[in-house]
There are 4 protein chains.
Amino acid sequence: MTRRETLLDAAIALFAEKGYNGTSTSEIVEKAGVAQGTLFYHFKNKEGMLLTILENILNEYLQDMEEVASVTQSGLMTVENLIRCSTHFRQTRSLELLVLMRDFPADLIKPDSPQMMFIIEFFKRFYDLFKNAIDRGQKDGSIRKISSEKYTHILLGMLSGMDRHILLGPLPTPALTEEIVSFCCSALSPPGIDPVSHERRS
Amino acid sequence: MTRRETLLDAAIALFAEKGYNGTSTSEIVEKAGVAQGTLFYHFKNKEGMLLTILENILNEYLQDMEEVASVTQSGLMTVENLIRCSTHFRQTRSLELLVLMRDFPADLIKPDSPQMMFIIEFFKRFYDLFKNAIDRGQKDGSIRKISSEKYTHILLGMLSGMDRHILLGPLPTPALTEEIVSFCCSALSPPGIDPVSHERRS
Amino acid sequence: MTRRETLLDAAIALFAEKGYNGTSTSEIVEKAGVAQGTLFYHFKNKEGMLLTILENILNEYLQDMEEVASVTQSGLMTVENLIRCSTHFRQTRSLELLVLMRDFPADLIKPDSPQMMFIIEFFKRFYDLFKNAIDRGQKDGSIRKISSEKYTHILLGMLSGMDRHILLGPLPTPALTEEIVSFCCSALSPPGIDPVSHERRS
Amino acid sequence: MTRRETLLDAAIALFAEKGYNGTSTSEIVEKAGVAQGTLFYHFKNKEGMLLTILENILNEYLQDMEEVASVTQSGLMTVENLIRCSTHFRQTRSLELLVLMRDFPADLIKPDSPQMMFIIEFFKRFYDLFKNAIDRGQKDGSIRKISSEKYTHILLGMLSGMDRHILLGPLPTPALTEEIVSFCCSALSPPGIDPVSHERRS
DNA sequence: CATGAATGAGCTTTCATTCAT
DNA sequence: GATGAATGAAAGCTCATTCAT
């Protein structure tokens, strides 16, 4: 593993545990076992580390999600599987996701900065994934007639909220994946049709 | 307005805008128009200000919610109105809520500290509010048979997620209150019964 | 007890325990159960409290010692009894003596200030007490021929050193009074004459 | 001279002159001609500087004394030479000794801290040095039959008291070394034997 | 006499960053 | 590529003191 990667791993662990502001560069280099100067040789500054971490995780997140969305199936099934993918991602990449949740939106990401542009761009593509799935579901009859814009916002808010609740909340939380899927499908399925997709699955 | 209140208001505005860590005590006293020492006369330290703000907002939040829950009605209606109350609170107290969302769980609130006890206590009562409503709904037939524990976690995660998405998210968001209510009611109502309670309301 | 006395007592206890610099005026007023302003009503400032305490203790100390010295007896006996008096004073007024030992010479007592004049005046009288006794002892034959100036300095240094060693030293110390007396008398008695004055006493 | 040494020298001079509490870190770095941060790069904190100074001086002090004690000679001669060594140390290292005398026992050295352990350990070894010499002197007949424990305490208290009296006292003091030696030897020698060892010396 | 809210200068300390090697 | 000594701005906080009541 290169020194750069060692540094990133150390930063991810520390940012996840103590937050960006709660972590000093000294702690990072100590945990990584390199000298102070090395950090600033490989990264422009401390903020550069955070941005690198966030961009990496967001790109991988989006890639996984877009792959799921590219499979041909009903709109509702796409939404279901996006939810499952998102949950799975949270379970496998909880450390990086903690960094994201703790420190974004961070004070250090200035409005109109390239970094903010990147973040907004990411959120838009994330938004589009769900929006397109819902639109398709309304055409193929798997999703009831509701405002796809508004319901997309609800799904986005809900999913990130669940991640936060589970990873950062003060209350111990049971496994919830399929309940979240059911919850959303009940709300999205056309009236009278009871979604049992998660039973069909397995 | 006393100096203490002036200071709290200044801190709320700045914490909401720039976060706790991004705000210096100098900025607070400058905005409040008092001397540095005055802050530390009225509060133990900077963290004491944050705690005061958080305790105030959480207490008022809980009070509003418990008042809503105390009205006799069906379990589902109670859930609906809790959601509306929560949304209304977000709209009227967005500044304080921003402070809460930005800076909790903060690294500065140590596990097992009295502060953390207070926060956990608050979350438990918040949890119980929804849990009791769902349990009652399952008895009175207004809510389908699901795990009330799990669905309570989903509602909590969802509501805080929506607050964050709307108040802190990088995407502009339309008004969503009744859609959130519908979304949840669809997921909670017994199968086959389409919830239209929010139309009945008005 | 007047508020002024209450404040002095609180200050003595705290200065003895934590030193002048380690004690804040807030602590003093809290322990005394009065308001901040009261301290500054009764004393010019914090330093004024210390000076008052030091002057009181030094005056009483000197008074006791001068009374002992005024009794007609041999020079050596006077020295002996001065030592015993000093020791007794340490045992009965250890708190005030701790204040003196911890905080004098304090940085706050400026050279050539009236306070310093007072302190120097005190030391001179203290010095004279021993010096006169030794001089008298050399005349009456109870004390050997040595430099009374130098031996006075030795006695002064020794006595204050023993006080410090016993009251502030890190090592537990046994009762030493008569040994100190013997030690000094052996050094002061004319050669060949073994002092047993502390046996004669009792 | 390294920056670390420069800083230590500046601190010694200032602590000796104005005391630990009376000296600000700004003064130290100014006197040393380095930046504020440099102090905290080389030392954990201000207290760390004091501890470093104290440990250095105590170690050297003890080393000198133990070297003196290791020379084979009568018990009384050992005591004499320990006194001379102590006096010589005070004369050559008065600055560091002033720091020690002004600021120890300092409120900042917590009971049971490693620092306090170190200090107590030092005092014990210092104590043993004199105790062993007296015990040996009682065996070889050069020292009278007295409690070696008690007389050791007296010697320790006396020597530190003389240091304080001479270095910190408000009265000008003449040279006293041989008088202190005589004083102690008279008190320690067996009755009837007049010690003139300091004349034999030279 | 007594109060206590208010002050602000000054303190110690942290930490991201630089740069000569 | 890598180092780590050095930096200095900025932070949170303490505390003796003042003064209107």
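Just so we're on the same page: letters track the sequence lines, and every chain starts at 1.
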Q: Could you tell me whether the phosphate oxygens of dA2(E), OP1 or OP2, come under 4.0 Å of any side-chain nitrogen or oxygen in Y41(C)?
A: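 No, Y41(C) has no side-chain N/O under 4.0 Å of OP1/OP2 on dA2(E).
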Q: Heavy atoms only, 4.0 Å cut-off, all strands: where does S24(A) land among base, sugar-phosphate and nothing?
A: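 Sugar-phosphate, no base atom in range.
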Q: Scan every strand shown for a Watson-Crick or G-U wobble partner of dG12(F), both distances under 3.5 Å, and answer none if you come up empty.
A: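 Pairing partner: dC11(E).
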Q: With rounding to whole Å, what would you report as the distance between dC1(E) and dT21(F) at their C1' atoms?
A: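 Per the computed distance, 13 Å lies between those C1' atoms.
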Q: Taking only the side-chain nitrogens and oxygens of T25(C), find out if one of them lies under 4.0 Å from OP1 or OP2 of dC15(F).
A: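 So the side chain of T25(C) is outside the cut-off, no N or O lying under 4.0 Å from OP1 or OP2 of dC15(F).
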Q: Can you name the closest pair of heavy atoms from L39(C) and L7(C) and give their distance?
A: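 For L39(C) and L7(C), the tightest heavy-atom pair comes out as CA-CD1, 3.9 Å.
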Q: Report which part of the nucleic acid T23(C) touches: base, sugar-phosphate, or nothing (heavy-atom distance under 4.0 Å, all strands).
A: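 It contacts sugar-phosphate atoms only.
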Q: Respond yes when some side-chain nitrogen or oxygen of N45(C) is under 4.0 Å from OP1 or OP2 of dT17(F), and no when none is.
A: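 Checking N45(C) against dT17(F): at least one side-chain N or O falls below 4.0 Å of OP1 or OP2.
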Q: Distance check needed: dA16(E) P versus I28(A) CD1, whole Å only.
A: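 From I28(A) CD1 to dA16(E) P: 7 Å.
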Q: Counting side-chain heavy atoms from C-beta on, which of dT7(F), dG12(F), dG4(F) comes nearest to T38(D)?
A: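 For T38(D), the side-chain atoms sit closest to dT7(F).
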Q: Who does dT21(E) pair with, Watson-Crick or G-U, both distances under 3.5 Å?
A: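 The answer is dA2(F), by the H-bond criterion.
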Q: Closer than 4.0 Å, any side-chain N/O of R3(C) to the OP1 or OP2 of dA2(E)?
A: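 Yes.
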Q: Are any of H42(C)'s side-chain N or O atoms less than 4.0 Å away from OP1 or OP2 of dC1(E)?
A: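 So the side-chain polar atoms of H42(C) never come under 4.0 Å of the phosphate oxygens OP1 or OP2 of dC1(E).
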